[in-house]
There are 2 protein chains.
Amino acid sequence: MKRKVTLKQIAKELDVSISTVSKALRNSIEISEDTRQKVQAFAKLYNYKPNNIALSLKNKKTKTIGIIIPEIVHHFFATVISGIEQVANENGYNVIVCLSDESFDKEVINMEMLANGSTDGFIMSLSKETQQKKDFHHIQEVINQGMPVVMFDRVTNDVLCDKVIIDDQLAAYDAVDFLVRQGFKNIGLVTTVDYVSVGKLRTEGYVNALNDHDLPINDNIIVKIEDIDNCAAKIEAMLQNNKPDAIFAVNELFAVTTIKLANKMGLKVPEDISVIGFTDGIISQFSTPTITTVSQNGIKMGGRAAKMLIERLEMEEEEDGNEQYRTELIDTHLVHRESTSTL
Amino acid sequence: MKRKVTLKQIAKELDVSISTVSKALRNSIEISEDTRQKVQAFAKLYNYKPNNIALSLKNKKTKTIGIIIPEIVHHFFATVISGIEQVANENGYNVIVCLSDESFDKEVINMEMLANGSTDGFIMSLSKETQQKKDFHHIQEVINQGMPVVMFDRVTNDVLCDKVIIDDQLAAYDAVDFLVRQGFKNIGLVTTVDYVSVGKLRTEGYVNALNDHDLPINDNIIVKIEDIDNCAAKIEAMLQNNKPDAIFAVNELFAVTTIKLANKMGLKVPEDISVIGFTDGIISQFSTPTITTVSQNGIKMGGRAAKMLIERLEMEEEEDGNEQYRTELIDTHLVHRESTSTL
């Protein structure tokens, strides 16, 4: 039996990263001559063939869209998939989903696998690790070979392609502006570390809103979370030491976690502290109290992404090489629930 | 450009169902001679080739597992995927996910697409429509050609293959038995229509528990729901007219919906009525009150399913044609929370 050797196996065998193998096979000058030769020799020995998309594309349409997302436990990504499915099915396309589990390597492997004749194009949201590494060669490669990519939510300016995003900065600005207008003056922020693009933008929106209202930016009430499972101590300390009167959290897990910690400390929401979250998922709808939140409209975002990808796929048949990429903004709005009050 | 014609396009062109096309291409005697000839002629004309798995399998392993599930908005399916991913990745396999959206046709199309060289085997949970139609030819076909299938949660006795299930009947029995022991005597049931296999089994567990305690089965407090979006009136009428003192709901959406409707009618949970759900998802954890529920352990179920599939994939290399299929039972237990009290 002849097994096809994979990127991962080559990387393991030669004790280098998957990214290195991938780049070495493409003769990237980022990789040393020695390593390139080793990788290429190994690949040749085991008949590894990097995908030859450009060749296959002209001959065969799969009518399948590949989706690569970081995870599906977040309800937001599940709603985006529903939105993509709807539009894809209406247009006669199937959908295949792969998860990167927030891992750069898994993102590269999945892309490699799907690009190898399984799909006509990609809709994707970047993994945390990819955003941290700023290594997008796998995406650029696929695009260079003529396979369109649409990015949504977690996108990067370093790759030219169609994108669907919300105005994260403006949405966060609006949420914080709302809190200020309700009379709150000591508004805390629970956000992600800066390399997560949407977290960074939402943090900027928070800062801008406070600036515009001449309120000070107080680093003591800004908590940046790397890992949701180990964030309790940081949030508790912030609530305890600085007594914020309101919190803006950049996703719904941060919001519900903040509410639970506040309750544990004897603080009532919204009587003692108001909380606004981001993403209108099922947690926000069913938690106690229900959570006022920025609605992201994942269904609409997915639908738009699918529409953009399909348009590009069908356009390419007529006029190859059109490079006018678009970035579409999806509207957001604040959903008012029980977790906010007026001072 | 030469486009590959799909099952769906043939079906549309000849105005027959996808199932008919699929069967006609396999020369099934269920399909009339005339239709078979038409379909086969059309397929020939457009170079449609049904997947020839047996051939390709021997030559090429994809190291990829295909998952086909009804939907991912239910947190349960998301946790099963996580469980599959973990075990698959540990063993060097990738995972591809497709959704049937509870549609028989989409299940057939997805299976066809993935079986066509993209995966080595399948892990799947049946769509509602497939269970209703009792048409499993697409799955049988794939198995006959030597591609292993593991079914989980929504399974059927009509297909011989490996399966991972919980003992739905026993789990439901235990939940209702618990309610009876707490002193409740007028226990209502919110369940699915009977063709959903797990709903039917959970209903049977409810009936058995009441029988064993010599409590009457009262059809007036049993609500069978076809569509979650249009169930409010039925549940409200049951609560209003029959004043149950406890409710057993066969999934968490039914449980939380029942609680919200009870609240709307001025009933307090658990003071006026106790509620137990099924599936320990995020709704049960964050709803008001938090919901006592049967934990299904999706992670474990997914992990087992992946292990069974991988074992079969690797076994097949040595000893072809081993047909000792197993059905594994995953433990369940009751998670006690705020929605139940003692009388």
Side-chain angles (χ1 to χ4, degrees), chain A residues 1-6 8-9 12 57-64 66-67 69 71-75 77-79 81-82 85-86 89 92 94-99 101 103 106 109-110 112-114 116-119 252-253 256 259-260 281-291 317 338, chain B residues 1-6 8-9 12 57-64 66-67 69 71-75 77-79 81-82 85-86 89 92 94-99 101 103 106 109-110 112-114 116-119 252-253 256 259-260 281-291 317 338:
Chain A
M1 177 171 321
K2 210 161 154 189
R3 251 173 205 272
K4 207 189 135 200
V5 69
T6 64
K8 197 170 172 181
Q9 288 162 338
K12 201 175 161 195
L57 250 191
K58 295 289 158 201
N59 303 317
K60 189 184 152 201
K61 291 281 178 185
T62 62
K63 286 292 234 177
T64 301
I67 305 179
I69 51 170
E71 38 101 353
I72 48 166
V73 178
H74 262 72
H75 193 248
F77 287 115
T79 58
I81 292 178
S82 298
E85 283 263 349
Q86 270 171 30
N89 291 166
N94 285 317
V95 167
I96 281 182
V97 184
C98 284
L99 308 178
D101 288 337
S103 143
K106 281 203 66 180
I109 289 171
N110 284 330
E112 173 88 15
M113 171 175 72
L114 292 184
N116 229 321
S118 300
T119 62
E252 66 172 0
L253 267 181
V256 77
I259 290 173
K260 284 190 173 278
I282 46 179
I283 293 179
S284 302
Q285 290 165 46
F286 293 109
S287 76
T288 320
T290 57
I291 304 175
E317 296 180 7
E338 298 163 359
Chain B
M1 175 168 321
K2 209 162 156 189
R3 251 175 204 267
K4 205 188 137 203
V5 69
T6 64
K8 197 171 174 180
Q9 287 162 338
K12 199 174 162 194
L57 249 192
K58 295 289 158 199
N59 303 319
K60 188 184 153 202
K61 291 281 180 188
T62 61
K63 287 292 236 174
T64 302
I67 304 178
I69 50 171
E71 38 100 354
I72 48 166
V73 178
H74 262 72
H75 192 249
F77 287 114
T79 59
I81 293 177
S82 299
E85 284 263 349
Q86 270 172 31
N89 291 166
N94 285 319
V95 168
I96 280 182
V97 184
C98 285
L99 308 179
D101 289 337
S103 142
K106 280 202 68 181
I109 290 171
N110 283 331
E112 173 87 14
M113 170 176 71
L114 292 184
N116 230 323
S118 299
T119 62
E252 67 172 359
L253 268 180
V256 78
I259 290 172
K260 285 192 173 277
I282 45 178
I283 293 179
S284 302
Q285 291 165 46
F286 292 110
S287 75
T288 321
T290 57
I291 304 176
E317 296 181 9
E338 298 163 358

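Nothing here was measured: the structure is a model prediction, and the numbers come from that model. Atom set for the values below is all heavy atoms of this structure, side chains included, hydrogens, waters and symmetry mates excluded. Lettering follows sequence order; numbering is per chain, from 1.
- To the nearest 0.5 Å, atom CD of residue B:Gln285 and atom NE2 of residue B:His75 are 7.5 Å apart.
- Put simply, the side chain of B:Glu338 never gets that close to the backbone of B:Pro289: no donor and acceptor are under 3.5 Å apart.
- Only the side chain of B:Ser82 comes within contact range of chain A, judged by heavy atoms closer than 4.5 Å.
- With sequence neighbours left out, the side-chain contact (heavy atoms from CB on, under 4.5 Å) criterion links B:Ile109 to A:Asn94, B:Lys8, B:Ile18.
- Put simply, OG1 on B:Thr290 and CD1 on B:Ile283 are 13.5 Å apart, with the number rounded to the nearest 0.5 Å.
- Looking at A:Lys12, there are no atoms closer than 4.5 Å to chain B (heavy atoms on both sides), in backbone or side chain.
- Most heavy-atom pairs under 4.5 Å with chain A: of the set B:Asn110, B:Thr64, B:Leu99, B:Ile81, this distinction falls to B:Leu99.
- For B:Val95, the part lying under 4.5 angstrom from a heavy atom of chain A is the backbone only.
- When heavy atoms are compared at a cutoff of 4.5 Å, B:Glu71 does not approach chain A at all.
- Only the side chain of B:Ile282 comes within less than 4.5 Å of a heavy atom of chain A; its backbone N, CA, C and O stay farther away.
- For the side-chain contact (heavy atoms from CB on, under 4.5 Å) test, residues two or more places apart in sequence or in another chain that qualify with B:Asn89 are A:Asp101, A:Lys106, B:Glu85.
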